[in-house]
Undergrad: 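Attaching a single structure in structure tokens format; questions to follow.
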Amino acid sequence: MSGEVSLDINIKEPRWDQGTFMGRAKHFFTVTDPRNLLLSSETLEAARRVIEDYRTTPAVLFWQWVNQSFNAIVNYTNRSGDAPITVKELKFGIPVTDENGNRLGESKKAAQQAIAQVVVSRIGMAAPAMAIPPVIMNALEKRAFLKRYPWMNAPLQVGLVGLCLVFATPLCCALFPQKSSMRVNGLEPELQTLIREKNPDIEVVYFNKGL
């Protein structure tokens, strides 16, 4: 029945399909929801216990969301994956795996692609907050609103920037899959040779692009 809730829940994976933009957008809206910061340690401990017990489906669904949200905030601030994208990774490469997560080697080409995606996402995150508030503030100044209420200047600017970030951050994080991919023939020649010797059937490799 369409109304039944699936019991096949993987608490290690996001709730939504990460192969689509909408799925990634829903995931990052949950990850960056400012209300997550208000969760108490008691709530998080209760979430851990409920997930471990795994008794009732409705409770599991709710506390799974709470637990994943908390973990996602931590991962977001500390950069997810075992190879955050830095100059070091450009020099030595980042881990690439098969679709099952088995490590195949390190690739500089994958690091370059990951950084390009991260740069695009971060520019997209910052652009609305840099462009929209000045336009609105300028319009308010022309209407003499800020002259009548000068004390509103700073709160309005902060509020507008915050509003832009609330929407821009999850939407821009969702532009590219967290688990990005490359075709084997796009990797370094030596890594291509290594992969094809050990895994001749693999055509695509995967890597964590970072945030």
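For the numbers below, each heavy atom of this structure counts, side chains included, while hydrogens, waters and symmetry mates do not. Bear in mind that the values here come from a model prediction, so they are computed numbers and not experimental data.
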Undergrad: Of all heavy-atom pairs between Ala114 and Ile94, which one has the smallest distance, and what is that distance?
TA: CB-CD1, 4.2 Å
Undergrad: Indicate if Met22 and Phe29 have the same hydrophobic cluster label, given that clusters are the connected sets of ILVMFWY residues with side-chain heavy-atom separations under 4.5 angstrom.
TA: yes
Undergrad: Same cluster for Ile115 and Leu175 if Ile/Leu/Val/Met/Phe/Trp/Tyr side chains link at under 4.5 Å?
TA: no
Undergrad: Working to the nearest 0.5 Å, report the span between CZ of Arg24 and NZ of Lys179.
TA: 13.5 Å
Undergrad: Hey, any chance Ile195 and Phe92 share a hydrophobic cluster, counting ILVMFWY side chains that come within less than 4.5 Å of each other, even indirectly?
TA: no
Undergrad: Are Thr193 and Glu197 close enough, and set up right, to give a side-chain contact (heavy atoms from CB on, under 4.5 Å), and what steps lead you there?
TA: CA-CA 6 Å; Thr193 300; Glu197 285 178 353; 3.5 Å; yes
Undergrad: side-chain contact (heavy atoms from CB on, under 4.5 Å) for Ile202 and Leu104? Distances and angles first, verdict last.
TA: CA-CA 10 Å; Ile202 292 180; Leu104 302 173; 4.0 Å; yes
Undergrad: Given the rule that I, L, V, M, F, W and Y join up when any side-chain heavy atoms are under 4.5 Å apart, are Leu194 and Val205 in one cluster?
TA: yes
Undergrad: If you count heavy atoms of other groups shown closer than 6.0 angstrom to CZ of Arg148, is the number above 12?
TA: yes
Undergrad: Which heavy-atom pair separates Leu171 from Phe21 by the least distance, and what is that distance?
TA: O-CE1, 3.5 Å
Undergrad: Please list, one pair per line, the donor and acceptor atoms closer than 3.5 Å that link side chains of residues 183-190 to other protein atoms, with sequence neighbours excluded.
TA:
from   : atom 1 : to     : atom 2 : distance (Å)
Glu188 : OE1    : Ser107 : OG     : 2.9
Glu188 : OE2    : Ser107 : OG     : 3.4
Glu188 : OE2    : Lys108 : N      : 2.4
Glu188 : OE2    : Lys109 : N      : 3.0

Undergrad: State yes or no: do Val96 and Tyr206 share one hydrophobic cluster built from I, L, V, M, F, W and Y residues joined by side-chain heavy-atom distances below 4.5 Å, directly or via other members?
TA: no
Undergrad: Working to the nearest 0.5 Å, report the span between CD1 of Ile136 and CG of Leu163.
TA: 8.0 Å
Undergrad: Shortest non-hydrogen contact from Pro134 to Ala129?
TA: CD-O, 4.5 Å
Undergrad: Listed by chain and number, what are the salt bridge (charged side-chain N to carboxylate O under 4.0 Å, His left out) partners of Arg196, not counting sequence neighbours?
TA: none
Undergrad: Take Met152 and Leu140, measure what side-chain contact (heavy atoms from CB on, under 4.5 Å) needs, and give me the verdict at the end.
TA: CA-CA 11 Å; Met152 288 288 290; Leu140 292 175; over 6 Å; no
Undergrad: As an exercise, state the distance from CD of Glu99 to CD of Glu203, rounded to the nearest 0.5 Å.
TA: 12.0 Å
Undergrad: Please give me the minimum heavy-atom distance between Ala168 and Pro128, naming the atom from each residue.
TA: CB-CG, 3.9 Å
Undergrad: Which residues pass the ring-ring contact (aromatic ring centres under 6.0 Å, His included) test with Tyr149, not counting sequence neighbours?
TA: Phe145
Undergrad: Does Asn100 use its side chain to pair, donor to acceptor, with the backbone of Asn102 at less than 3.5 Å?
TA: no
Undergrad: How close do Met125 and Cys173 get, counting heavy atoms only, and between which atoms?
TA: CE-SG, 3.3 Å
Undergrad: So which heavy atom on Ser121 is nearest to which on Phe176, and how close?
TA: OG-CD1, 3.6 Å
Undergrad: Is atom CE of Met130 surrounded by more than 12 heavy atoms (other residues, nucleotides or ligands) closer than 6.0 Å?
TA: no
Undergrad: Side chains of Ser180 and Gln113: is there a donor and an acceptor less than 3.5 Å apart?
TA: no
Undergrad: Show the numbers, then the answer: is there a side-chain contact (heavy atoms from CB on, under 4.5 Å) between Phe207 and Met182?
TA: CA-CA 8 Å; Phe207 55 92; Met182 281 186 77; 3.6 Å; yes
